[in-house]
Amino acid sequence: MNTKKIYALLIAMSVSTVFVCAQPTVYPADPQSKAFVIQGATIHKGNGEVIEQGTLVFDNGKISYVGSGSANVPAGAEIIQANGKHVYPGFIATNTNLGLVEVSSVRATVDFAEVGDNNAHVRSLIAYNTDSKVINTLRSNGVLLAQVTPEGGLIPGQSSVVQLDAWNWEDAAYKVDEGIHINWPTVRFGRGFFGGGQQNPAAQKERIQKEIDLLNDFLYEAKGYAEADKDEAFNARLGAFKKVFSGERKVYVHANKANDIIAAVSFFKRLGIKPVIVGGGEAHLVVDLLKDNAIPVIINQSHALPSSTDEDVYLPYKQAKLLDDAGILVAYNIEGFWQQRNLPFMAGTAAAYGLDREKALALITGNTAKILGISDKTGTLEVGKDANLFISDGDALDMLGNALDRAFIQGRDIDLTDLHKQLFERYKHKYHLTAE
């Protein structure tokens with residue numbers, strides 16, 4: 001091969017590499033530089049209130065007006081005519097390893113767990129990867145914030161709430177280290193036929209008691225450390241619970257079985273801690289305990305089978321209503337990362353099985369914000385709160401209606417392009433397809 005051909009080949013390879021790298025690139029939005037006025041839309045505030053033919057105004061990242069009729073239009077504002085469309089607060093994903101894993105089968109992209117049982121000092125936020133290609137696929141369905149959570153061990157570590165349009169984890173941080181997660185000791189199952197069965201009940205009981213004792217000893221030591229003089233030698237694991245005992249940081253207890261929930265609530269009550277139950281597969285069986293102690297519950301996704309063969313097959317669809325009817329603050333959770341984009345459709349299923357539609361919306365907006373301690377800033381569309389919202393052509397809790405026109409995070413007009421859409425356009429072009 002002559003020199004000219006070699007140079008031509010190298011140039012072609014370089015150009016193709018540039019196109020490959022550039023194809024999935026989406027840039028975070030610049031800070032809000034002008035006011036926006038949305039007119040004529042059906043506004044779902046996230047607190048149960050709906051405004052028909054409403055108007056919403058936001059400037060400098062904050063909502064300044066939301067109501068019916070007309071409002072004062074700030075000078076230089078962009079007016080968005082949204083007649084027939086719907087405006088929602090941004091959905092909030094909880095208990096997710098989004099940004100901590102990109103490809104589950106590739107170890108180098110997995111960073112959601114540390115070695116050991118006690119990692120109370122581990123902060124998921126600093127491992128959060130804002131360049132994940134999964135993040136933008138969530139935004140396309142209205143998920144604008146997420147609680148990034150570590151996994152594994154007895155005490156996996158600390159979660160943080162992030163907004164999903166950022167250059168780096170510092171920019172993404174919305175509420176830093178807002179809670180510590182604990183996996184309540186429970187029965188483990190083997191890998192036998194169809195999932196196996198309980199292995200060695202005596203050994204299981206002994207292990208569970210040992211783990212509870214370890215947790216008990218550690219938390220009482222942490223309480224003593226929190227009450228000690230400042231001259232006490234620094235201990236990162238014990239220090240992580242200082243803000244728990246002062247009430248500034250939440251404890252999320254992952255438990256599903258009714259007896260585990262009872263044990264966990266009683267355990268933390270002795271320490272003066274009101275936990276949040278995550279999972280709550282059998283939370284509907286202990287509603288009196290949860291209500292009497294004002295314990296919020298983040299229940300697992302509704303698109304699942306019941307945990308027991310003698311339960312109503314539709315129980316996962318109805319559970320949110322059962323808890324809401326009992327007066328319990330409840331939100332939704334989907335495990336993992338990529339499936340978070342289906343969060344609104346889980347809420348839609350709850351509505352289809354009896355829960356009021358605006359209450360179903362609150363499962364992933366207002367209720368979630370209250371549980372995560374960010375309801376002063378987001379979760380509902382109210383004056384003074386961050387402009388985290390989106391405009392949808394139809395009902396955003398329905399797969400057929402969820403079609404976003406615009407989305408804003410803290411007033412920033414974010415790009416709704418994602419890798420899925422880009423691949424669709426790529427192969428539509430390849431096969432010369434046209435929209436019908």
Side-chain angles (χ1 to χ4, degrees), residues 94-95 114 116-126 147-162 173-186 208-255 260-280 283 286 289-298 328-329 331 333 367-377:
T94 63
N95 185 40
E114 297 293 338
D117 280 333
N118 187 346
N119 292 299
H121 60 300
V122 167
R123 305 173 62 219
S124 63
L125 180 62
I126 60 174
Q147 181 196 34
V148 180
T149 305
E151 299 177 10
L154 187 61
I155 307 178
Q158 303 171 41
S159 60
S160 290
V161 179
V162 297
Y174 200 79
K175 185 165 186 179
V176 177
D177 303 334
E178 45 78 34
I180 295 182
H181 293 253
I182 294 174
N183 291 318
W184 188 258
T186 190
I208 290 171
Q209 190 56 55
K210 182 179 179 181
E211 290 178 355
I212 292 175
D213 290 343
L214 285 172
L215 184 60
N216 182 74
D217 292 345
F218 173 74
L219 287 176
Y220 272 102
E221 187 178 358
K223 187 175 183 180
Y225 180 87
E227 296 170 349
D229 294 333
K230 292 184 179 180
D231 293 335
E232 185 78 18
F234 177 71
N235 184 303
R237 287 184 174 86
L238 297 176
F241 276 87
K242 270 193 171 184
K243 289 187 177 181
V244 170
F245 291 108
S246 67
E248 300 172 71
R249 182 173 291 163
K250 295 179 182 289
V251 170
Y252 298 90
V253 179
H254 297 246
D260 290 339
I261 295 173
I262 294 170
V265 171
S266 300
F267 177 92
F268 284 98
K269 190 174 182 178
R270 293 197 303 270
L271 290 161
I273 297 171
K274 186 178 73 173
V276 176
I277 298 298
V278 181
V286 291
L289 173 75
L290 296 171
K291 183 178 181 180
D292 291 346
N293 291 278
I295 304 296
V297 180
I298 300 175
I328 295 166
L329 182 61
N333 152 62
N367 288 7
T368 307
K370 289 178 183 177
I371 293 173
L372 299 182
I374 55 175
S375 59
D376 59 326
K377 297 195 299 181

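For Lys377, the NZ atom sits in a packed shell: over 12 heavy atoms of surrounding residues, nucleotides or ligands are nearer than 6.0 Å.
Taking the side chain to side chain donor-acceptor pair (under 3.5 Å) definition, one finds that Ser375 meets it with nothing, sequence neighbours left out. For Tyr252, the ring pair (Phe, Tyr, Trp, His ring centres under 6.0 Å) criterion is met by His181, not counting sequence neighbours. Every residue two or more places apart in sequence or in another chain that forms a ring pair (Phe, Tyr, Trp, His ring centres under 6.0 Å) with Phe218 is listed here: Phe241.
At least one donor-acceptor pair closer than 3.5 Å links the side chain of Lys175 to the backbone N or O of Gly373. For Thr186 (side chain) and Trp184 (main-chain N/O), no donor-acceptor pair under 3.5 Å exists by modelled atom type.
Sorted pairs that involve residues 237-250 and meet salt bridge (charged side-chain N to carboxylate O under 4.0 Å, His left out), not counting sequence neighbours, are lacking altogether.
For the atom pair CD1 (Ile182) and CD1 (Ile273), the distance works out to 7.5 Å, reported to the nearest 0.5 Å. Here the CG atom belonging to Leu238 is positioned 9.5 Å from the CG atom belonging to Leu219, to the nearest 0.5 angstrom. Taking CG of Asp117 as the reference point, atom CG of Leu214 lies at 8.0 Å (rounded to 0.5 Å). With values rounded to the nearest 0.5 angstrom, Leu329 atom CG is found 4.0 Å from Ile371 atom CD1. To the nearest 0.5 Å, atom CG of residue Asn95 and atom OG1 of residue Thr368 are 12.0 Å apart. The CD1 atom of Ile208 sits 12.0 Å away from atom CG of Asp213, with the distance rounded to the nearest 0.5 Å.
With a 4.5 Å cut-off on side-chain heavy atoms, Glu221 and Asn235 do not count as touching.
Across every non-hydrogen atom of Pro275 and Val253, the tightest pair is CB-CG2, 3.7 Å. Scanning both residues, Ala255 and Ile277, for their nearest heavy atoms gives O-CG2, 3.8 Å. Taking both residues in full, the closest heavy atoms of Pro150 and Gly157 are given as CG-C, 3.6 Å, listed atom of the first, atom of the second, then distance. Taking each heavy atom of Leu372 and Glu178 in turn, the nearest pair found is O-OE1, 4.1 Å. Shown here for Pro156 and Asn183, the closest heavy-atom pair between the two residues is CG-ND2, 3.4 Å. Across all their heavy atoms, Tyr225 and Ala233 have their closest contact at CE1-O, 3.3 Å.
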Please tabulate, for the side chains in residues 118-126, all donor-acceptor contacts under 3.5 angstrom to protein atoms that are two or more places apart in sequence or on a different chain.
| residue | atom | partner | partner atom | Å |
| --- | --- | --- | --- | --- |
| Asn118 | OD1 | Ala120 | N | 3.3 |
| Asn119 | ND2 | Val115 | O | 3.4 |
| Asn119 | ND2 | Gly116 | O | 3.2 |
| Arg123 | NE | Asp177 | OD1 | 3.3 |
| Arg123 | NE | Asp177 | OD2 | 2.7 |
| Arg123 | NH2 | Asp177 | OD2 | 3.2 |
| Ser124 | OG | Val148 | O | 2.8 |
| Ser124 | OG | Gln158 | O | 3.0 |

Using atom types as modelled, flag every donor-acceptor pair under 3.5 Å from a side chain in residues 261-272 to any protein atom, sequence neighbours excluded.
| residue | atom | partner | partner atom | Å |
| --- | --- | --- | --- | --- |
| Ser266 | OG | Ile262 | O | 3.0 |
| Lys269 | NZ | Asn293 | OD1 | 3.1 |

Determine, step by step, whether Thr94 and Thr149 satisfy the side-chain contact (heavy atoms from CB on, under 4.5 Å) criterion, reporting the C-alpha distance in whole Å, the side-chain angles of both residues, the deciding distance to 0.1 Å, and the verdict.
CA-CA 8 Å; Thr94 63; Thr149 305; over 6 Å; no
